[in-house]
Amino acid sequence: MNDFVKLEGIQQQFDKEQVLKKVDLTIPKGQLFGLLGPSGSGKTTLVKIMIGLLNPTKGTVSIANQKMPSLKQLQEIGYMAQNDALYSELTGKQNLEFFASIYGIFKKERAERVDEAAKIVNLTDHLHKTLEHYSGGMKRRMSLAVALLHRPSLLILDEPTVGIDPVLRASIWKDLKAIQETGTTIIITTHVMDEAEKCDELALLRDGYMIAKGSPDELKEKSKTETLEDAFLYFGKSQQVEVG
Amino acid sequence: MRVNVIIKRIIQQLLGDKRSIALMFVAPIFVMTLLWLVLGMEDYEPAIALTDVPEQFQEVLEEQDASFSEMTLTEAEEALKKQEVDAHFRLENELMNITMEGSDPTATSAVQRVLNEASKQLNPSNLNVEIDFLHGSTDVKLFDNIGPVLIGFFVFFFTFIIGGVSFLRERTQGTLERLLATPLRRWEIVTGYLSGFGIFIIIQSIIMAAFSIYVLDIYMAGSFFAVIIISILLAITALSLGTLLSAYAKNEFQMIQFIPIAIIPQVFFAGIFHTESIAWIDAIGKIMPLYYGADALREIMIRGQQLTDVWGDIGILIGFSVVFIFLNIVALKRHRKL
């Protein structure tokens with residue numbers, strides 16, 4: 001049970017550039033796990049490898065003891081990509097209904113799920129509009145709603161709160177915590193330190209290496225620093241230290 | 001069925017995009033009408049200058065479809081230079097001298113036709129011929145002859161653009177990747193896409209063929225149904241080729257770059273020009289889907305053949321589609337192995 005998501009010896013090379021050098025990572029079930037790192041550190045690549053959208057050059061991924069990519073596991077995963085990946089010609093409601101149907105949610109339940117997801121991201125009043133008329137933040141929220149629709153047991157969110165105002169961000173974090181309490185494992189990428197603080201455990205990524213892993217407190221303790229930011233700088237200097 | 005979900009979404013999407021709908025349905029009609037106007041025009045009437053032409057010859061000439069004006073030598077030379085006349089006939093030392101303006105082959109051959117007709121009338125002892133037609137009639141004009149090719153071409157062209165670009169957008173806006181992060185199978189995505197657009201393609205083909213045949217009155221010896229079937233097969237080939245090539249384009253601009261490479265050359269080898277005489281040039285056409293589509297359309301529309309007579313073309317078109325569809329499914333492997 002302690003290794004719900006398991007990455008072993010992941011390496012990824014694009015042309016000549018090695019984006020991920022060697023990543024071993026296990027994430028236990030039910031955790032809210034953060035991938036923290038500056039842009040270009042390989043967060044999105046790692047997330048795509050997890051879900052099976054990229055074949056790693058080397059290494060394997062398994063989720064719930066099943067090797068990825070697995071269509072069966074994909075049914076259990078909610079994914080929010082870094083770009084919004086929505087249909088701008090369709091209304092919010094049409095977008096949600098489309099993805100709900102893709103996940104095989106039956107008609108009776110569909111309306112209920114659409115309402116539920118829209119409510120979490122606070123878009124209930126805007127469902128009838130086409131996405132062309134959505135602001136950037138609204139699209140981000142719609143994208144999150146799509147990931148929540150089928151009540152997945154694993155949520156993978158790539159920078160979910162970029163462009164979302166602080167009030168809504170706080171409310172989304174509250175909802176994420178609530179979703180976690182129902183037993184959902186959540187993996188979130190971020191480069192915002194105060195968001196990282198809210199995670200149960202963190203993996204720090206830099207230049208394709210995982211430079212540290214542990215809970216925010218552990219990381220601070222180990223690096224004898226007061227803030228995660230300082231901890232990140234500390235581990236950045238002495239690369240590849242295992243914590244916790 | 002999840003394929004149906006994709007079909008439904010494509011319909012919703014296209015219905016929300018009025019301009020693309022217009023391009024699909026109105027543009028082919030617009031272009032065919034213009035072609036019909038241009039190609040269906042009456043034969044060109046040349047303007048000819050005459051200097052010292054004998055009375056008798058001039059009388060015969062004036063019965064022909066051409067406009068004549070008597071001019072002096074210098075006037076006529078001036079008129080030729082200014083392209084006011086297409087040719088200058090003059091009698092010099094008992095010999096008929098003709099100077100053509102010569103820069104426009106249509107005008108030149110029109111003048112020659114006038115000459116031929118006139119000399120035939122002057123010299124009626126020439127062989128008397130009566131011409132019968134196995135297919136068509138003297139009514140088969142240029143538009144009727146290349147019309148079937150052009151119907152095929154425009155169906156191919158518009159389908160390629162709309163299908164290719166919209167699948168490309170699915171890639172660039174990330175929704176294709178998003179779909180591959182769901183349990184959808186690769187073949188379900190491809191099938192859903194082709195079927196969703198397929199509905200619009202069928203409507204487009206029917207509009208295009210019906211308009212050409214019933215409104216523009218293009219020469220039509222075969223069955224309307226057969227024409228529709230061939231158009232649809234051709235469109236499916238274009239659609240699957242468009243979605244396939246979109247995998248190799250990074251943006252819309254790169255997609256458009258495929259048009260001069262993959263689409264335009266097909267029209268050269270589809271029967272508007274006669275390529276049969278040189279085998280290796282003719283062979284180039286044989287790797288192009290439009291060659292077979294246009295051939296089938298011509299057989300049906302001009303020669304009145306049945307679908308069963310063109311089964312070879314049909315088989316090859318289906319073959320192209322199957323290969324392209326298969327390659328589409330394989331190309332998606334780039335995004336997800338499974």
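In what follows, chains are A, B, ... by sequence order, proteins preceding strands, each numbered from 1. Predicted model, so just to flag it, every value in this text is computed and none were measured.
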Give a yes or no answer on whether the side chain of A:Ser135 reaches the backbone of A:Met138 with a donor-acceptor pair at less than 3.5 Å.
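The answer is yes, because a donor-acceptor pair under 3.5 Å joins these two groups.
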Name the region of [X], side chain, backbone, both or neither, that has any atom closer than 4.5 Å to a heavy atom of chain B.
X: A:Ser143; result: neither
X: A:Ile51; result: side chain
X: A:Ile156; result: neither
X: A:Lys48; result: side chain

Nearest 0.5 angstrom please: B:Phe268 CZ to B:Leu290 CG, how far?
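Here the rounded value is 11.5 Å.
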Hey, which of A:Ile77, A:Leu35, A:Ile10, A:Thr45 is the one that makes side chain to side chain contact (heavy atoms under 4.5 Å, CB included) with A:Met50?
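Result for side chain to side chain contact (heavy atoms under 4.5 Å, CB included) with A:Met50: A:Leu35.
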Donor on one side chain, acceptor on other, A:Gln82 and A:Thr44, under 3.5 Å:
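Yes, because at least one side-chain N or O of A:Gln82 sits under 3.5 Å from a partner of the opposite role on A:Thr44.
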Atom of B:Pro148, atom of B:Leu297 and distance for their closest heavy-atom approach:
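Shortest heavy-atom contact: O-CD1, 3.3 Å.
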Shorter than 4.5 Å, heavy atoms on both sides: which option in [options] has the most such pairs with chain A?
options: B:His335, B:Arg334, B:Arg2, B:Gln12; answer: B:Gln12
options: B:Arg336, B:Gln13, B:Glu170; answer: B:Gln13
options: B:Ala181, B:Gly16, B:Gly174; answer: B:Ala181
options: B:Glu188, B:Arg185, B:Gln173; answer: B:Gln173

Think A:Arg113 forms a cation-pi with A:Tyr103, using NZ or CZ under 6.0 Å from the six-ring centre and within 45 degrees of its axis?
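A:Arg113 over A:Tyr103 ring: no.
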Taking the side chain as every heavy atom from C-beta outward, state whether B:Leu168 and B:Gln254 have any atom pair closer than 4.5 Å.
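Contact flag for B:Leu168/B:Gln254 side chains = no.
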Are B:Ile189 and B:Leu180 packed together at the side-chain level, in the sense that at least one heavy-atom pair is separated by less than 4.5 angstrom?
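Side chain of B:Ile189 against side chain of B:Leu180, heavy atoms only: contact under 4.5 Å found.
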Out of A:Leu90, A:Asn83, A:Thr91, A:Val146, return the one with the most heavy atom pairs under 4.5 angstrom to chain B.
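Most heavy-atom pairs within the cutoff with chain B belong to A:Leu90.
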Between A:Phe98, A:Phe99, A:Tyr79, which shows the greatest number of heavy-atom pairs under 4.5 Å with chain B?
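Top count of heavy-atom pairs under 4.5 Å with chain B: A:Phe98.
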Given that the side chain runs from C-beta out, which part of B:Leu176 has a heavy atom under 4.5 Å from chain A: side chain, backbone, both or neither?
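B:Leu176 has no heavy atom closer than 4.5 Å to chain A.
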